[in-house]
Each structure stands twice: as structure tokens, then as C-alpha cells.
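Each chain gets a letter, A, B and so on, in the order the sequences are listed, and its residues count up from 1.
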Amino acid sequence: MLEEALNEINRGCAEIIDNERIEKLLTTYFDEGKTYTVKAGFDPTAPDLHLGHTVLLQKLATFQKYGARVQFLIGDFTAAIGDPTGKSATRKVLSKDEIQSNIKSYTTQAFKILDKDKTDIVYNKDWLDSLGTVGLIELSSTLTVARMLERDDFSKRYSANTPIAVSEFLYPLLQGYDSVHLKSDVEIGGTDQKFNLLMGRQLQKVYETKKQQAVLMMPILEGLDGVQKMSKSLNNYIGVTDEANDMFGKILSISDELMWRYFELLSTKSITDIDLLKSGVEDGSIHPKKVKEDLALEITARYHSEEEAQNAKAEFEKVHAKSQIPTDIDEFSCDGEVWIAKALVDCNIEPSTSQARRDIKQGAVKINQEKIQDMQLQLKAGEYVLQVGKRKFAKLRVN
RNA sequence: GGUGAGAUAGUCAAGUGGCCAACGACGGCAGACUGUAAAUCUGCUCCCUAUGGGUUCAGAGGUUCGACUCCUCUUCUCACCA
């Protein structure tokens with residue numbers, strides 16, 4: 001039992017610091033039924049979860065299975081500073097209401113994966129607000145600038161002459177202080193969080209919490225492009241609230257190479273099963289597309305239902321293999337004759353009439369499955385199915 | 001506080017008075033080929049019913065027939081010195 005638990009927890013991890021601590025925690029849980037705490041921090045600025053986040057959540061769920069209480073930390077205080085990613089030096093400040101509604105949708109999504117009864121939602125504003133200037137200075141005196149600059153993205157930005165705000169130094173410190181306050185036993189996060197996660201250990205030592213948290217890092221899930229991490233701002237994500245059709249389609253559009261990565265981090269299939277598939281593809285006995293479809297089915301079913309996943313698959317076949325028109329497409333209507341370019345913009349499948357013209361010129365625009373060339377075309381009364389490229393559809397009724 | 005350098009489209013980055021809606025790279029979109037994969041090839045990539053017009057090169061003024069390019073001020077960044 002203990003061994004099984006340890007294997008499950010180790011599965012897919014990028015790095016574990018202080019694995020002995022985890023072993024001890026699990027041992028006492030199995031021997032004495034004593035629970036322990038696992039902390040994970042979440043940023044309330046992005047209310048929509050995508051599959052990248054679920055890598056962490058699934059790991060937390062595993063911990064819950066083996067006696068952990070999850071400290072689901074909402075970084076409502078630290079969000080105001082912004083984690084130094086270098087991308088968004090200035091963050092827009094969210095209003096209380098925005099944060100509240102973000103958190104709400106965040107947690108409802110998270111509880112699709114996590115056990116609600118074994119989760120404590122905590123807000124770091126609750127203790128960081130009262131830290132005060134003195135506390136903050138005390139906190140910041142525990143670390144040197146040189147040490148701070150060891151953090152990879154700081155040193156990169158520093159040598160690349162991109163600005164670093166002093167406030168950004170505070171982010172890791174405050175995140176670490178969260179661990180001091182919560183007396184966390186384990187903290188998990190992405191590999192990109194390594195510095196911040198270790199800060200928790202460091203500060204727990206300085207503040208003499210007696211015990212230092214174990215740190216478990218999950219790899220960052222690549223987005224659809226297979227290169228950059230999955231994120232909403234890069235628009236390469238699969239959201240857990242995505243429609244079944246979208247979800248299925250997006251998974252099928254990833255590269256074969258990336259598919260294995262998704263298997264490793266998102267599938268519930270065992271490692272041996274995955275290896276079997278892999279060798280099957282290598283010796284040509286299994287078509288890679290079939291394997292990818294199975295992955296897409298599994299994931300789509302998890303966030304929707306088996307039935308919806310099957311429907312999505314059928315729909316996909318229909319649209320792409322047989323190049324028919326999808327079942328559900330957005331409908332629009334307008335009065336009088338419409339110029340085709342304008343119509344495409346109005347139906348939200350082209351950003352501007354200039355772009356629409358270019359696409360028409362290139363033969364990317366179809367009306368009722370027929371390619372069109374005439375960019376002066378006027379649509380008379382009737383119903384049309386407009387299409388741009390392979391995946392943008394709209395139905396337009398001209399009155 | 002002082003001195004110097006810099007700010008150009010989604011990103012990086014050329015352009016130092018007209019040939020500039022602005023080289024190039026990446027990204028993105030589309031076409032061909034496919035398995036809506038990868039790789040490859042091709043075209044496009046500010047807006048506008050367009051062989052034309054409009055608005056752009058941090059912001060505000062100015063010089064000039066004409067400014068991304070020159071001058072002044074402002075904002076922001078970086079480096080060195082303190």
C-alpha cells in the first residue's frame with residue numbers, strides 16, 4: 001500500500017525535493033491515520049482552467065487519496081504584484097468583485113478533480129495584509145540580492161537589460177511566507193516555480209517552523225504548438241470548459257510527438273499501457289491517428305461524458321474526413337443585400353474586410369461548400385453557409 | 001543626482017530627410033500535400049467596397065515643399081558614475 005502510494009505520487013514528476021519527508025508523512029498516515037497538508041497556490045487573475053492546470057490538480061487529487069488535506073491557496077494578495085514572468089510587468093489591478101467571481105468559477109472547475117471535503121481554500125490576503133511594513137522588511141532581510149538574482153528569469157532579464165521592478169523580488173518572498181504561515185508539509189507547483197517553492201523551505205527554516213516542506217514539481221504542459229507552455233494568453237490551450245467538439249478537435253490537432261507527452265501527464269492509462277501503444281506505433285501495427293483519437297476520447301469524456309465524447313468524434317469525422325458542414329454553427333441574419341467581405345466580418349469569422357478580401361483572393365472562402373473568387377460578390381436574400389479556411393463556419397440568413 | 005545610449009507593427013529587429021505601410025526573422029492565417037499530425041513548397045500578414053483613400057514608427061510641439069529620420073520638451077527603459 002505504501003509503495004503503491006509512493007509510486008502514484010512520483011508518477012510524472014519532474015523533480016522531488018526531500019522525498020524522505022514525503023515517505024515519512026505517508027508512513028505515519030498509514031500507521032496512525034495522521035493527515036498532513038499539501039499546499040498549492042493559484043492565481044485568481046485567470047478564471048479559466050486549462051489542461052495545463054489539471055496536471056497539478058490531478059496530482060493533488062492523488063495526494064488526497066493518500067491522506068492529505070489540500071491547502072488550495074488563492075493568491076489574491078500576490079496577484080496584485082504579479083509573478084515575475086517578464087511578460088506582464090504591469091498587471092491590471094482586479095476589483096474585489098472580479099476576483100470573487102474568478103475564484104468562484106475557478107473552484108467549481110477545480111472540484112471536478114479535487115475532493116471538496118479534503119480541501120481548504122485559503123486566501124493569502126488574510127495574513128499578508130497584516131504583515132505590515134516591519135514584517136515585510138524583516139521578511140526581505142532574509143535574502144540577498146545576489147541570491148535573488150540566481151532565479152533564472154531574473155538573471156536572464158538582468159543580463160538582457162530588461163527591467164525588473166523591485167516589487168517583483170517580493171513575490172517569491174511572499175509566496176514562501178505563505179508556507180511559513182500555513183505550516184505546509186508539502187508544496188507542489190510547476191517546474192517554473194522551483195525558486196518560489198524552495199523559498200518556502202528556506203523561509204520555514206529561518207522562521208523556525210521546525211519542519212521544512214517537501215517540494216514536488218510537475219513538468220509544464222506544452223500548449224497546442226508543442227513548444228510554449230499552455231497558456232490562455234498564448235492561445236494554445238485546451239480549457240476544461242471547452243465544448244466537447246472543440247476539446248476533441250484541439251487534442252487531435254497536436255503533433256504526434258506531443259501526444260505522448262499528453263499521455264504521460266493527462267491520461268489515467270498506466271505507463272505500461274502507454275509503452276505498448278508507443279511500440280505499436282513504432283512498428284506500424286497501430287496508426288498514430290487511432291492512438292490520438294483514444295487520447296482525445298479519454299480526456300473529452302472526463303470533462304463532459306462518454307456520450308458527448310463519442311458524438312464529438314463522429315462530428316469530427318463528418319467535418320474533416322468527409323468535409324461536410326458541422327452540425328452546430330453560429331447563425332446570423334441581416335437585412336438587404338450584403339457584400340460578402342462585410343458579411344464575413346459580421347459573422348465573426350474574419351477580423352476585417354481587408355483580411356476577408358485577402359482570403360477570398362486566396363480561395364479560402366467558401367459559400368455552401370463552393371469556393372468563391374469574386375470579392376465584390378453581393379449576397380441576395382436567402383440562407384448561406386459561409387466558411388473561411390478549414391474550421392471557421394457561420395450560417396447567414398439574408399432577409 | 002550626473003553622464004551616455006535607447007523607445008519602430010503580435011515579438012525580435014533594420015531603416016538616420018523623399019524610392020516607407022516601413023528590409024529581415026519568428027509567430028500567425030490561408031493554399032497544395034496529408035491523418036485538421038509533422039516535414040516541405042507557395043501566398044498573405046494596419047484599416048477602408050480599394051489599380052485609389054486613410055491612419056501609423058513612445059507622447060506633445062516645432063523646422064521643412066516633404067519627417068520613422070532634424071530640433072525642443074515630456075514619459076519610460078538600460079548602462080556607467082555617485
Side-chain angles (χ1 to χ4, degrees), chain A residues 85-90 154-168 222-229 231-238 242 245-263 277-278 280-282 284 286-297 300 312-326 334 336-346 348-366 370-379 386-393:
Chain A
T85 58
K87 284 224 169 79
S88 48
T90 44
F154 279 146
S155 62
K156 271 191 193 136
R157 283 165 67 192
Y158 190 68
S159 51
N161 290 345
T162 45
I164 302 172
V166 174
S167 62
E168 295 185 71
E222 291 84 353
L224 298 173
D225 52 60
V227 181
Q228 297 204 260
K229 67 171 190 176
S231 86
K232 198 171 185 187
S233 52
L234 293 170
N235 198 25
N236 62 356
Y237 70 103
I238 303 175
D242 279 2
N245 284 340
D246 284 345
M247 199 180 266
F248 189 92
K250 279 182 185 174
I251 296 169
L252 227 57
S253 79
I254 64 176
S255 73
D256 290 1
E257 202 187 333
L258 187 62
M259 162 173 85
W260 299 117
R261 184 86 173 140
Y262 278 34
F263 261 114
L277 290 174
K278 226 184 225 171
V281 167
E282 266 161 35
I286 310 175
H287 195 289
K289 192 181 175 204
K290 173 79 177 71
V291 180
K292 208 182 283 174
E293 269 174 1
D294 287 349
L295 176 71
L297 277 177
T300 310
K313 187 184 167 185
E315 179 76 8
F316 186 87
E317 293 287 324
K318 182 182 166 193
V319 176
H320 299 290
K322 300 178 189 153
S323 61
Q324 292 172 354
I325 296 159
C334 65
E337 281 197 1
V338 210
W339 176 42
I340 178 63
K342 189 89 182 134
L344 292 168
V345 174
D346 288 346
N348 294 329
I349 50 177
E350 284 285 22
S352 68
T353 59
S354 299
Q355 183 63 44
R357 282 164 169 275
R358 284 180 218 120
D359 283 337
I360 293 169
K361 204 158 127 199
Q362 292 191 106
V365 176
K366 289 183 192 164
E370 302 266 333
K371 249 183 212 180
I372 60 159
Q373 291 295 327
D374 178 12
M375 55 174 122
Q376 299 304 328
L377 188 72
Q378 297 288 330
L379 295 177
L386 308 177
Q387 180 182 358
V388 178
K390 283 177 207 160
R391 46 186 114 177
K392 280 176 283 182
F393 292 90

Q: Apply side chain to side chain donor-acceptor pair (under 3.5 Å) to A:Ser231 and list each qualifying residue two or more places apart in sequence or on a separate chain.
A: A:Ser233

(Q) Rounded to whole Å, how long is the line connecting atom CG of A:Asp374 with atom C1' of B:rA50? (A) 14 Å

Q) Hey, which of these two, A:Ile340 or A:Lys250, hits RNA chain B nearer its 5' end, going by closest nucleotide? A) A:Lys250

Q. Which nucleotide in the list B:rG35, B:rC33, B:rA38 gets nearest to the side chain of A:Ser255?
A. B:rA38

Q. What pairs with A:Lys392 under side chain to side chain donor-acceptor pair (under 3.5 Å), at least two apart in sequence or on another chain?
A. none

Q | Minimum-distance nucleotide (side-chain atoms of A:Lys390 versus B:rG31, B:rG35, B:rU49) | A | B:rG31

Q. CD1/A:Ile251 to OG1/A:Thr300 distance, rounded to the nearest 0.5 angstrom?
A. 4.5 Å

Q | 5'-most by nearest nucleotide on RNA chain B - A:Val338 or A:Lys366 | A | A:Lys366

Q: Could you check which nucleotide pairs with B:rA79 in any of the strands shown, counting Watson-Crick or G-U wobble with both distances under 3.5 Å?
A: B:rU3

Q | Nucleotide opposite B:rC70 in a Watson-Crick or G-U pair, distances under 3.5 Å | A | B:rG62

Q. Rounded to whole angstroms, how far apart are CZ on A:Arg391 and P on B:rA37?
A. 8 Å

Q. Hey, what do you get for CD1 (A:Ile340) to CD1 (A:Ile372), rounding to the nearest 0.5 Å?
A. 4.5 Å

Q.
Rounded to the nearest 0.5 Å, what separates atom CH2 in A:Trp339 from atom OG1 in A:Thr353?
A. 4.5 Å

Q: Test for a donor-acceptor pair under 3.5 Å between the base of B:rG43 and the side chain of A:Gln362, counting only N and O atoms.
A: yes

Q: Specify the separation, in whole Å, of atom CG of A:Asp225 and atom P of B:rA39.
A: 11 Å

Q: Please list, chain by chain and in numerical order, all residues satisfying side chain to side chain donor-acceptor pair (under 3.5 Å) with A:Glu293, sequence neighbours excluded.
A: none

**Q.** Distance, C1' atom - from B:rC23 to B:rC12, rounded to whole angstrom
**A.** 14 Å

Q: Determine whether any donor atom in the side chain of A:Asp256 lies under 3.5 Å from an acceptor atom in the base of B:rG35, or the reverse, and answer yes or no.
A: yes

Q | Nearest-angstrom distance from the residue atom CD of A:Gln387 to P of B:rA30 | A | 11 Å

Q | Opposite nucleotide pairing with B:rA32, Watson-Crick or G-U, both atom distances under 3.5 Å | A | B:rU40

Q. Among the nucleotides B:rC29, B:rA50, B:rG31, which one has an atom lying closest to any side-chain atom of A:Arg357?
A. B:rA50

Q: Take atom CD of A:Gln228 and atom C1' of B:rC12, then tell me their distance rounded to the nearest Å.
A: 13 Å

Q: Identify which nucleotide among B:rA30, B:rA32, B:rC47 has an atom closest to any side-chain atom of A:Ser352, counting heavy atoms from C-beta outward.
A: B:rC47

Q.
For B:rG27, give the paired nucleotide (Watson-Crick: N1-N3 plus N6-O4 or O6-N4; G-U: N1-O2 and O6-N3; both under 3.5 Å), or none.
A. B:rU45

Q) Where the side chain of A:Lys392 is defined as all heavy atoms beyond and including C-beta, which of B:rA30, B:rU49, B:rG35 is the nearest nucleotide? A) B:rA30

**Q.** Pairing partner of B:rU55 (Watson-Crick or G-U wobble, both distances under 3.5 Å)
**A.** none

Q: Please determine if a side-chain N or O atom of A:Ser354 lies less than 4.0 Å away from the OP1 or OP2 oxygen of B:rC46.
A: no

Q.
So, using side chain to side chain donor-acceptor pair (under 3.5 Å) as the criterion, who are the partners of A:Arg357 when residues are at least two apart?
A. none

Q. Salt bridge (Lys or Arg N to Asp or Glu O under 4.0 Å): which pairs involve residues 250-260 of chain A, sequence neighbours left out?
A. A:Asp242-A:Lys250, A:Asp256-A:Lys292

Q | Distance in angstrom units between A:Gln355 CD and B:rC48 P, rounded | A | 10 Å

Q: Nearest 0.5 Å please: distance from the CD atom of A:Glu350 over to the CG atom of A:Asp359.
A: 4.5 Å

Q. What about A:Arg358, does its side chain sit under 3.5 Å from the base of B:rA30 through a donor-acceptor pair?
A. no

Q.
Of the options B:rA37, B:rA30, B:rU49, whose atoms approach the side-chain atoms of A:Lys292 most closely?
A. B:rA37

Q.
At 4.0 Å (heavy atoms only), tell me whether A:Gly226 reaches a base, stays on the sugar-phosphate, or touches nothing.
A. nothing

(Q) Regarding A:Glu257, tell me which of base, sugar-phosphate or nothing describes its non-hydrogen contacts under 4.0 Å with the strands shown. (A) nothing

Q. For B:rA50, does the O4'-C1'-N9-C4 (purine) or O4'-C1'-N1-C2 (pyrimidine) torsion place it in syn, i.e. within 90° of 0, or in anti?
A. syn

Q: Using a 4.0 Å heavy-atom cut-off, write out nucleotides 77-82 of chain B from 5' to 3' as B (base contacted by protein), S (sugar-phosphate only) or - (no contact).
A: SSS---

Q: Establish, with yes or no, whether the OP1 or OP2 oxygen of B:rC48 is under 4.0 angstrom from a side-chain nitrogen or oxygen of A:Thr353.
A: yes

Q: Scan every strand shown for a Watson-Crick or G-U wobble partner of B:rA9, both distances under 3.5 Å, and answer none if you come up empty.
A: none

Q. Can you check the A:Leu295 CG to B:rA37 C1' distance for me, whole Å?
A. 13 Å

**Q.** Nearest-angstrom distance from the residue atom CD1 of A:Ile360 to C1' of B:rC29
**A.** 15 Å

